[in-house]
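The structure appears right after this line, and notes come after that.
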Amino acid sequence: MMTIQIAIDGPASAGKSTIAKILANKLNYVYVDTGAMYRAITLAAFNAQIDPNNEQAVSALLPELEITFAPGEPVQRVYLNGQEITDAIRSTAVTANVSAVSSYAAVRSSMTKLQQEIAQTSNVVMDGRDIGTTVLPKAQVKIFLIASVLERAERRFKENQAKGMNTSLAELEAAIEKRDYLDSHREISPLKKADDAVEVDTTGHSIEEVVAIVEAIIADKT
Ligand code: C5P
């Protein structure tokens, strides 16, 4: 089956999932949050009392893990072996350790395979770090979403406050910069703009404005 693939990559907290989810709803495509998959494996390591820096032990968990999604508002619901983990995967501890877990070869190959299988059977809007470069190199539309570090930290700060999480703006800025550094310097499939991706800088733009910009790019490419 010939499917339509829209890849949205970019650094942490650039608004990828918000934009991807809105677009998927409008187009009636499946939204695939690949970051949630890496977060789910990180949480599974914590649940099994495994150190996320232990590549062998984390990799050994993979055959036992089933990650699934269900529609939800304001965010898609995520399940690990049938148990809901939507909020748990957004904890500070998971966020701080997910870059280590996502750098492992076995983790990347099993998640890439899962993501490619989904995109083979459905039209997708898939967001992540390596979708345009590695997972769906033939995607009809590739977007690379960026925003200034300060604006990304401010957006996360507001979201966190609404959830009752009290990390300071400076701490969030540092955490975002660190995660971007690790994600773009890992050996396998680092965070990188695909040569044929269109870069969209969302700094100073509302969600509606960014959706309109990306819709115009999609209309041009499909
Ligand atoms: O998108 P989100 O911030 O939830 O992603 C969490 C982490 O998962 C990233 O910091 C990165 O380490 C990893 N990731 C990845 N490849 C993807 C998506 C996410 O390595 N395609």
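Values below: all heavy atoms of this structure, side chains included; hydrogens, waters and symmetry mates excluded. Nothing here was measured: the structure is a model prediction, and the numbers come from that model.
The minimum heavy-atom distance between Ile6 and Tyr29, with the atom names listed, is CD1-CE2, 3.9 Å. Between Ser59 and Glu55 the shortest heavy-atom distance is OG-O, 2.7 Å. Nearest heavy atom pair, residue Ala12 against residue Arg179, reads CB-NH2, 3.4 Å. Here the shortest heavy-atom pairing between Val32 and Ile118 reads CG2-CG2, 3.8 Å.
Under the rule for a ring-ring contact (aromatic ring centres under 6.0 Å, His included), His205 has no partner lying at least two apart in sequence or in another chain. For Glu199, there are no side-chain hydrogen bond (donor to acceptor under 3.5 Å, both in side chains) partners at least two apart in sequence or on another chain. Here Glu215 pairs with Lys26 under the side-chain hydrogen bond (donor to acceptor under 3.5 Å, both in side chains) rule; sequence neighbours left out. Residues passing the salt bridge (Lys or Arg N to Asp or Glu O under 4.0 Å) test with Glu173: none are found, sequence neighbours excluded.
Inter-residue side-chain proximity for Ile67 and Met111 is flagged as met; some heavy-atom pair is nearer than 4.5 Å. The shortest distance between side-chain heavy atoms of Thr34 and Met126 falls below 4.5 Å. Taking the side chain as every heavy atom from C-beta outward, Ile19 and Thr202 never approach each other to under 4.5 Å. Here the side chains of Ser103 and Leu182 are not in contact, with every heavy-atom distance at 4.5 Å or above. Considering only heavy atoms from C-beta on, Ile146 comes within 4.5 Å of Pro11 through its side chain. The closest side-chain heavy-atom distance from Ile4 to Leu27 is not below 4.5 Å.
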TODO: Mind running side-chain hydrogen bond (donor to acceptor under 3.5 Å, both in side chains) on Asn25 and Tyr31 for me, showing each step along the way?
DONE: CA-CA 8 Å; Asn25 279 342; Tyr31 165 49; over 6 Å; no

- [ ] Begin with the C-alpha distance, continue with both residues' side-chain angles, and end with the deciding distance and a verdict on side-chain hydrogen bond (donor to acceptor under 3.5 Å, both in side chains) for Arg155 and Thr18.
- [x] CA-CA 12 Å; Arg155 290 178 192 163; Thr18 306; over 6 Å; no

Open item on the list: As a quick check of understanding, evaluate side-chain hydrogen bond (donor to acceptor under 3.5 Å, both in side chains) for Glu171 and Ser168, giving each step before the final call.
Closed with: CA-CA 5 Å; Glu171 280 173 300; Ser168 73; 3.1 Å; yes

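Sequence neighbours left out, the pairs with a member in residues 84-112 that pass salt bridge (Lys or Arg N to Asp or Glu O under 4.0 Å) are Asp33-Arg90, Arg108-Asp130. Evaluation of the salt bridge (Lys or Arg N to Asp or Glu O under 4.0 Å) test over residues 1-10, restricted to residues two or more places apart or in two chains, returns none.
Of the possible polar contacts, one joining the Lys142 side chain to the Gly132 backbone as a donor-acceptor pair under 3.5 Å is found.
Defined by atom type and a distance below 3.5 Å, a donor-acceptor pair is missing between the side-chain atoms of Asp127 and Ser17. No side-chain N or O of Ser102 forms a donor-acceptor pair with one of Arg129 less than 3.5 Å apart.
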